[in-house]
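Since the structure is predicted, the reported quantities are computational estimates derived from the model, not experimental observations. Numbered from 1 within each chain, the chains take letters A, B, ... in sequence-line order.
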Amino acid sequence: MSLYSFGLEPLSCHAWNKDRTQIAVSPNSSVVIIYEKKGNEWAKIHELTEHSGRITGIDWAPDSNRIVTCASDRNAYVWTLKDKVWKPTLVLVRINRAATFVKWSPLENKFALGSGARLISVCYFEKENDWWLSKHIKKSIRSTVMCLDWHPNNILLAAGSSDFHCRIFSAYIKEIEDKPGPTAWGAKMPFGEMLLETKDCGGWVHSVSFSPSGDHLAWVAHNSSISVADATQGKEMTQLTTDRLPLVSVLYVSPTEMVAAGHDCCPFQFSYKGPGSLKFVKKLDIPKQTSRGSMSAMQHFRNLDKKATDDESNELGCLHQNSITQLCIVSGTKAHVDKYSSVGLDGAMVLWDFKVLPTYTTYTKGCGHPVK
Amino acid sequence: MAKNTLSSRFRKLDIDEFDENKFVDDHDEAVDNQGPDGAEIDNLIRQGDMMTAFHIALRNPPVITKNPAIKERALAIVLRVLTSFKSSDIEPAVKSLDRSGVDLLMKYIYRGFEKPSDNSSAILLQWHEKAFAVGGLGSIVRVLTARKTV
């Protein structure tokens with residue numbers, strides 16, 4: 001794992017380009033800065049300055065190489081690279097409150113935008129008039145939409161909201177795509193149809209993530225809990241309350257494992273294998289081995305007297321020194337993630353390696369090494 | 001003051017009540033619990049069986065009702081049980097609870113903190129320490145985020 005510091009400002013959100021040589025971040029302001037990897041350092045190559053409000057979401061479509069950004073100024077722009085310059089195109093999202101989250105669909109022909117106007121705006125490009133149009137999903141949403149995730153079939157959209165519920169909607173746009181086949185969540189999927197509404201989660205839903213197959217939906221809520229809904233088991237929901245601070249971002253990294261991070265400043269691994277079996281696996285940060293120089297006895301007691309502790313360091317024992325705001329897959333697919341990244345309020349971006357421990361099916365005693 | 005009548009009565013109006021987009025909680029149709037039985041608890045305290053009194057006090061928490069009288073009554077009973085505990089018995093009592101029990105205990109502890117009396121703060125702080133050791137920061141976060149409170 002490696003840490004890069006992009007300054008002192010908190011990083012609200014980030015997105016990677018296709019080959020992970022460039023990263024777009026927003027330092028809690030109305031600009032998006034694109035950095036390119038040069039050796040071991042990151043050099044600033046572009047600055048996208050069209051928004052007038054704080055940027056709340058960035059997503060970079062890997063294949064079509066377009067960036068979509070949304071901000072608290074109620075706008076969203078789609079940026080395309082022309083002659084090495086990023087040119088913005090305004091999207092008519094028609095919202096009267098701040099945008100909170102934006103995500104390209106898997107096929108990159110549309111994107112979904114969550115907002116404080118209690119609706120989701122699904123936007124697609126209309127070729128005849130050469131502009132981006134939007135359709136609204138409003139049904140049942142009673143407060144700000146805080147997070148979104150697309151199902152692998154490019155049609156279903158999960159949304160977590162601050163009205164304590166998590167929902168799955170159909171974002172099927174007949175103008176640009178074919179009718180979808182049935183999924184485990186339901187068969188009829190007209191635009192705006194709600195296929196799942198969870199019961200009161202106990203807190204704002206900060207982040208949602210579909211599993212690689214799309215049959216499970218995981219989300220984290222502000223009451224320090226993580227939950228999974230299982231379409232294959234009659235949409236049954238399992239919730240695990242943790243004894244830590246709330247998590248704000250969750251990501252599936254394999255068909256059963258997920259990584260979540262939040263105000264505890266380090267990622268945790270959870271595992272879901274079936275209804276009722278959602279478990280905490282481990283903390284994914286290795287605490288720094290503080291190399292304390294030898295302290296004299298005088299120093300030791302002076303510290304005890306002044307600070308009531310003899311611990312010299314004032315750093316957290318993990319890589320991030322402040323809450324993590326967002327997790328993102330860097331290499332691998334959702335079904336098999338090798339690397340993922342996290343950005344936090346400390347202005348740092350950390351690249352983490354994820355390893356699923358291999359399971360040995362037989363173990364021969366006495367010969368010293370396990371045999372698969 | 002209003003310009004024509006020089007009255008400030010409009011300041012007592014709660015404008016949020018008239019907001020048509022006002023958020024209302026989901027209505028739970030379940031009949032709510034009425035809180036623990038005071039007489040039974042008194043009996044058990046007199047007999048000295050603190051553990052059973054403790055468990056009964058934490059049963060049937062009146063979380064859904066909005067009636068303050070029921071909540072006050074339940075709170076008073078639970079606090080009586082908590083303050084009658086000996087310091088050494090607190091830890092095993094907390095250990096005997098499950099996850100949701102610890103969360104509920106933490107809710108009552110913080111409600112108890114709201115109105116400190118002569119000797120309640122000290123014992124409540126000991127309860128808090130032991131409950132925190134089991135429930136962690138998550139249990140305190142759930143006290144803050146819970147919409148269904150005791």
Side-chain angles (χ1 to χ4, degrees), chain A residues 95-97 115-119 138-146 160-167 197-206 219-227 238-248 260 262-266 268 270 276 278-280 283 316 323, chain B residues 16-33 58 61-66 90-91 93-111 127-150:
Chain A
I95 54 179
N96 57 4
R97 292 288 186 279
S115 72
R118 299 133 48 106
L119 54 86
K138 276 187 172 175
K139 200 193 276 194
S140 301
I141 304 177
R142 286 147 69 214
S143 187
T144 306
V145 174
M146 296 182 78
S161 165
S162 61
D163 64 359
F164 320 115
H165 290 282
C166 190
R167 300 178 177 90
E197 184 181 41
T198 65
K199 60 177 181 13
D200 190 323
C201 298
W204 306 320
V205 178
H206 283 295
W219 65 91
V220 283
H222 199 67
N223 64 346
S224 302
S225 70
I226 177 170
S227 320
T238 315
Q239 186 182 64
L240 174 69
T241 51
T242 71
D243 56 355
R244 295 167 216 279
L245 292 177
L247 300 158
V248 297
H263 295 293
D264 269 314
C265 317
C266 71
F268 299 98
F270 293 89
L278 176 58
K279 290 191 181 36
F280 168 71
K283 187 168 156 175
L316 288 177
S323 309
Chain B
D16 288 331
E17 290 295 317
F18 298 97
D19 182 5
E20 54 205 30
N21 292 328
K22 185 173 180 248
F23 181 82
V24 285
D25 278 312
D26 293 332
H27 295 293
D28 243 326
E29 300 306 324
V31 173
D32 189 27
N33 304 305
L58 288 181
V63 282
I64 302 173
T65 180
K66 299 250 189 326
I90 294 182
E91 192 164 349
V94 173
K95 289 251 162 68
S96 71
L97 289 175
D98 64 348
R99 246 293 148 63
S100 49
V102 173
D103 286 345
L104 180 62
L105 174 64
M106 211 38 135
K107 284 187 188 160
Y108 276 119
I109 292 174
Y110 275 94
R111 286 279 276 139
W127 275 102
H128 186 276
E129 185 195 347
K130 300 288 184 251
F132 177 69
V134 176
L137 289 164
S139 62
I140 300 180
V141 171
R142 277 184 283 284
V143 171
L144 297 170
T145 59
R147 290 189 72 83
K148 303 196 184 101
T149 53
V150 287

Note each donor-acceptor pair with a separation under 3.5 Å, taking one atom from chain B and one from chain A.
residue, atom, partner, partner atom, Å
B:Asn21, O, A:Arg118, NH1, 3.4
B:Val24, O, A:Arg142, NH2, 2.1
B:Asp26, OD1, A:Arg142, NH1, 3.1
B:Asp26, OD2, A:His165, NE2, 2.9
B:Arg99, NH1, A:Thr241, O, 3.1
B:Leu137, N, A:Asp243, O, 3.1
B:Gly138, N, A:Asp243, O, 3.4
B:Gly138, N, A:Arg244, O, 3.4
B:Arg142, NH1, A:Asn223, O, 2.9
B:Arg142, NH1, A:Ser224, O, 3.4
B:Arg142, NH1, A:Thr242, O, 3.2
B:Arg142, NH2, A:Thr242, O, 2.9

Quick one: list whatever passes ring-ring contact (aromatic ring centres under 6.0 Å, His included) with A:Phe270, sequence neighbours left out.
A:Phe280
Residues that B:Leu137 engages under side chain to side chain contact (heavy atoms under 4.5 Å, CB included), provided they are two or more places apart
A:Leu245, B:Phe132
